[in-house]
Amino acid sequence: MTINPYLPLEAEVIERIQETPTIVTLRLRLTDPDARHRFYCSPGQFNMLYLYGVGEVPISIKSGPQSFLDQTLLLDHTIRAVGRVTRALVELQPGARLGVRGPYGRGWPLKEAQGKDVHVITGGLGCAPAVSMVHELVKQRGRFGRISVVQGVKHADDLIWREQYEHWAKQPDTQVLLAADQPDATWRWHQGMVTGLLDQLTLNPDRSIAMLCGPEPMMRASAERLIELGLEPEQIWLSMERNMQCAIGHCGHCQFGGAFVCKDGPVFNYPQVRELLGVRGF
Amino acid sequence: MEIPGYLPREQLQALLERLQQQGYRCVGPRVREGAMVYDDINHADQLAVGYTQTQEPGHYRLKAGSTVRQFAWANGPQALKPLTFAPREELWCAQEQPDGSLKFHPAATDYEPVAVIGVRACDLAALRLQEQHFLDSCADPQFAVRRRSLFLIAVNCTHPAQTCFCASTGDGPEVDQDCDLSLYETDEGFFVSAVSPAGQQLALTLPLEHGDAELFKQACAEVTRAGEAQVRRVPAKNLRDSLFAQLDHPRWKEVAERCLSCGNCTQVCPTCFCHSETSVPSVDGHQTTHQRQWDSCFSPGHSYIHGITLRKETEQRYRQWLTHKFGSWHDQYGRSGCVGCGRCISWCPVGIDPTEELDVICTDVTGRPE
Ligand SMILES: Cc1cc2nc3c(=O)[nH]c(=O)nc-3n(C[C@H](O)[C@H](O)[C@H](O)COP(=O)(O)OP(=O)(O)OC[C@H]3O[C@@H](n4cnc5c(N)ncnc54)[C@H](O)[C@@H]3O)c2cc1C
Ligand code: SF4
Ligand code: SF4
Ligand code: FES
């Protein structure tokens with residue numbers, strides 16, 4: 001954390017990985033070695049990336065080649081080009097400089113997950129915060145029980161990192177369930193919504209933790225279904241997204257009821273957000 | 001009861017001089033475009049005198065020459081807020097070096113000290129809330145320096161407006177803390193009560209007369225009556241659960257039919273903290289400044305996330321504002337975000353009154369039928 005909480009640190013693009021036509025992973029390194037060694041983060045946390053003269057946006061931290069357990073000296077950010085800032089960010093080439101502020105927010109509850117079965121349930125395209133977490137679970141495999149990855153997409157093409165899922169599916173004690181609303185000819189998984197897959201989960205309610213990420217109606221439906229299947233609301237965690245300008249609880253844009261998503265989240269325990277999740281206008 | 005020293009009105013200039021000698025820029029109430037605002041005061045003669053006011057929903061009017069007093073009115077559109085949280089300011093600037101690297105510089109914070117004459121109890125309560133918000137574990141450096149540079153001379157209200165309801169929120173009209181000096185106005189002058197150590201120091205240098213006990217009792221009674229005379233009130237201090245239990249109340253739609261979504265209420269509110277940030281490039285392209293400016297939950301961009309505006313409709317924006325201000329503030333800061341100043345009532349172009357909306361919406365508290 002910088003002394004002046006608004007001031008970015010300079011970072012350099014070390015590598016640029018084109019994941020799909022609109023999704024790019026930027027591998028960044030803070031240029032100040034001291035700052036680099038002071039930078040501790042965990043999956044689910046995010047940085048504010050500042051593109052010179054254009055603006056600042058929140059982007060989740062996907063660990064670099066190392067695990068989050070080692071120090072994350074390289075910071076991967078997987079960015080989908082959707083608007084003004086992200087479209088310009090994905091064009092950055094190795095050597096380019098940008099600003100980084102962070103890490104911010106509360107990440108996934110990896111401590112609570114230790115020794116438990118972990119169910120990662122995601123929807124929508126390129127759910128970077130969840131994917132980074134699965135990577136992390138796999139890197140620290142021995143610390144957790146069974147792992148399941150449940151991912152739903154609209155079109156089959158929306159699934160990025162398809163080989164990654166195929167690879168995870170072959171790991172011991174790992175269950176991968178995929179669903180596409182609109183499958184293509186090569187789709188050999190479930191057709192329909194992600195919630196339709198939850199009944200197929202090998203679920204031991206007394207030693208499970210669920211982590212959800214994706215569109216809010218999907219998260220709400222999944223959480224409620226998991227509760228019907230025997231999970232306590234406290235065993236469910238989810239990652240929220242709101243407009244963010246400051247990332248430190250000052251600008252007010254990310255408020256969700258009484259919560260500041262930037263500092264009280266983005267990962268919340270379900271009971272904290274259950275009251276308002278899915279209520280239009282919050 | 002200890003009787004504070006008395007400063008005859010014609011000695012107000014001495015107070016100003018002491019402040020100026022200590023290096024303070026003095027601001028106090030002056031009339032600008034028909035409204036009372038805080039503006040620079042170089043001489044005590046420049047302080048507004050003789051004004052009273054009427055405030056009602058959507059209505060604010062000053063009347064000159066109707067009293068000998070200087071503070072026989074309640075408040076103007078402006079609170080203390082712009083003095084600590086500037087409407088627009090630079091946070092930092094970035095410079096691109098010839099080799100493509102970037103240098104970031106924080107904005108300067110060498111603000112001059114400011115003494116404010118005529119601060120009201122509601123505005124002090126709002127300042128406390130802004131401190132809770134901006135001086136948390138990620139303290140805002142600009143707010144912090146500005147706050148430290150303030151010397152606050154409060155006045156106890158004797159003439160609340162029809163729109164004031166600080167007595168019901170517990171924030172006024174008497175001033176008891178968080179300022180440096182607190183004044184009680186009488187027809188001929190002021191009782192000067194020192195609240196902070198800095199205030200005590202300054203009071204020692206003033207030509208104070210021995211205060212008359214009977215006169216002071218009357219001055220205090222005026223303030224008590226000012227609280228009792230208020231006609232508006234909140235149905236309860238904590239409406240969090242009442243409001244969140246009524247998210248589908250038909251009244252939200254009704255109020256949205258009148259609300260212009262202009263955000264005036266949030267601009268005049270002394271506790272609203274929302275702001276947005278933008279990057280402003282210099283003409284030569286080698287520097288950009290990162291600025292923040294006040295924003296409002298009534299603006300379309302406030303709830304925007306790529307491709308969707310979460311609060312498209314006025315109904316949702318008004319509900320966000322009211323449930324936050326009177327509801328979820330309790331979750332965030334342990335109390336309501338409203339200090340009862342009534343500005344949002346007077347400065348709403350269509351005269352929407354949140355106390356009236358709350359009365360209708362929070363039926364469990366008010367006990368009224370829908
Ligand atoms: C905690 C968090 C983590 C995120 N992680 C990722 C990630 O790993 N990868 C990724 O591709 N995207 C991520 N996003 C979404 C990403 O921040 C937005 O896509 C991005 O802000 C859009 O900016 P833009 O200028 O390109 O779009 P525009 O549509 O032009 O948006 C204009 C401005 O609105 C604000 N804004 C718009 N959408 C969002 C949004 N979804 N969230 C917050 N502010 C927004 C920003 O200030 C933005 O500059 C994350 C969002 C949050 C809140
Ligand atoms: S909500 Fe209205 S009455 Fe309450 S503090 Fe804000 S402006 Fe004043
Ligand atoms: S709300 Fe209370 S303290 Fe504020 S101006 Fe009105 S009477 Fe004075
Ligand atoms: S992003 Fe500014 S308050 Fe959360």
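Only a predicted model underlies this, so the values are computations on that prediction, with no experimental measurement involved. Here is the naming used below: chain letters follow the sequence lines, and residue numbers restart at 1 for every chain.
- Using modelled atom types and a 3.5 Å distance limit, the side chains of B/Gln332 and A/Gln255 yield a donor-acceptor pair.
- Counted within 6.0 Å of CZ on A/Arg280, heavy atoms from surrounding residues, nucleotides or ligands total 12 or fewer; the atom is thus considered open.
- In this structure a side-chain-to-backbone donor-acceptor pair under 3.5 Å is missing from A/Tyr6 to B/Pro141.
- Judged by distance alone, with hydrogens and angles left aside, the side-chain atoms of A/Asn243 form no donor-acceptor pair with the main-chain N or O of B/Ser303 at under 3.5 Å.
- The candidate from B/Ser137, B/Gly301, B/Ala94 with the greatest count of non-hydrogen atom pairs under 4.5 Å with chain A is B/Ala94.
- Heavy atoms of B/Asp295 lying under 4.5 Å from chain A belong exclusively to its side chain.
- With respect to chain B, the highest number of heavy-atom pairs below 4.5 Å among A/Ala259, A/Gly53, A/Gly55, A/Gly249 belongs to A/Gly53.
- A donor-acceptor distance shorter than 3.5 angstrom exists from the side chain of A/Gln245 to the backbone of B/Glu277, with no hydrogens or angles considered.
- The pair B/Arg240-A/Glu275 counts as a salt bridge, with a side-chain nitrogen and a carboxylate oxygen less than 4.0 angstrom apart.
- Heavy-atom distances place both the backbone and the side chain of B/Pro106 under 4.5 Å from chain A.
- Between the NE2 atom of B/His302 and the SG atom of A/Cys251 there is a distance of 7.0 Å, given to the nearest 0.5 Å.
- Using a 4.5 Å cut-off on side-chain heavy atoms (C-beta onward), A/Val279 and B/Arg319 make contact.
- With a 4.5 Å cut-off on non-hydrogen atoms, B/Leu102 touches chain A through its backbone and its side chain both.
- In this pair, A/Phe260 and B/His133 present their aromatic rings tilted. The plane angle is within the 30 to 60° band.
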Query - Test side-chain contact (heavy atoms from CB on, under 4.5 Å) applied to A/His253 and B/Ser276, step by step - result: CA-CA 8 Å; A/His253 280 85; B/Ser276 56; 3.8 Å; yes

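- Heavy atoms only, all atoms of each residue included: B/Cys274 and A/Gly252 are closest at SG-CA, 3.7 Å.
- Only the side chain of B/His290 comes within less than 4.5 Å of a heavy atom in chain A; its backbone stays farther off.
- With a 4.5 Å cut-off on non-hydrogen atoms, A/Glu241 touches chain B through its backbone and its side chain both.
- If you take SG on A/Cys254 and CD1 on B/Ile305, they are separated by 11.5 Å, rounding to the nearest 0.5 Å.
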Report task. Could you please spell out the steps behind the side-chain contact (heavy atoms from CB on, under 4.5 Å) verdict for A/Leu276 and B/Leu247? Result -> CA-CA 10 Å; A/Leu276 289 180; B/Leu247 298 180; 3.7 Å; yes

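- Put simply, the side chain of A/Arg97 never gets that close to the backbone of B/Gly100: no donor and acceptor are under 3.5 Å apart.
- The choice from B/His330, B/His324, B/Arg292 that makes the most heavy-atom pairs within less than 4.5 Å of chain A is B/His324.
- Residues B/Ala139 and A/Pro5 come closest through the heavy atom pair O-CG, 3.6 Å.
- Note: B/Leu310 leads B/Thr278, B/Asp331, B/Thr323, B/Leu310 in heavy-atom pairs under 4.5 Å with chain A.
- By the 4.5 Å heavy-atom criterion applied to side chains, B/Phe134 and A/His250 are counted as neighbours.
- Residue contact with chain A, scored on non-hydrogen atoms closer than 4.5 Å, involves the backbone of B/Gln95 exclusively.
- For the atom pair CD1 of A/Ile248 and CG of B/Asp140, the computed distance is 7.0 Å after rounding to the nearest 0.5 Å.
- Contact tally against chain A (heavy-atom pairs below 4.5 Å) for B/Glu315, B/Glu313, B/His306: the top residue is B/His306.
- Heavy atoms closer than 4.5 Å to chain B are found in the backbone of A/Leu98, but not in its side chain.
- With a 4.5 Å cut-off on non-hydrogen atoms, B/Phe143 does not touch chain A at all.
- Here the straight-line distance linking atom CZ of B/Phe104 with atom OH of A/Tyr52 works out to 9.5 Å at 0.5 Å rounding.
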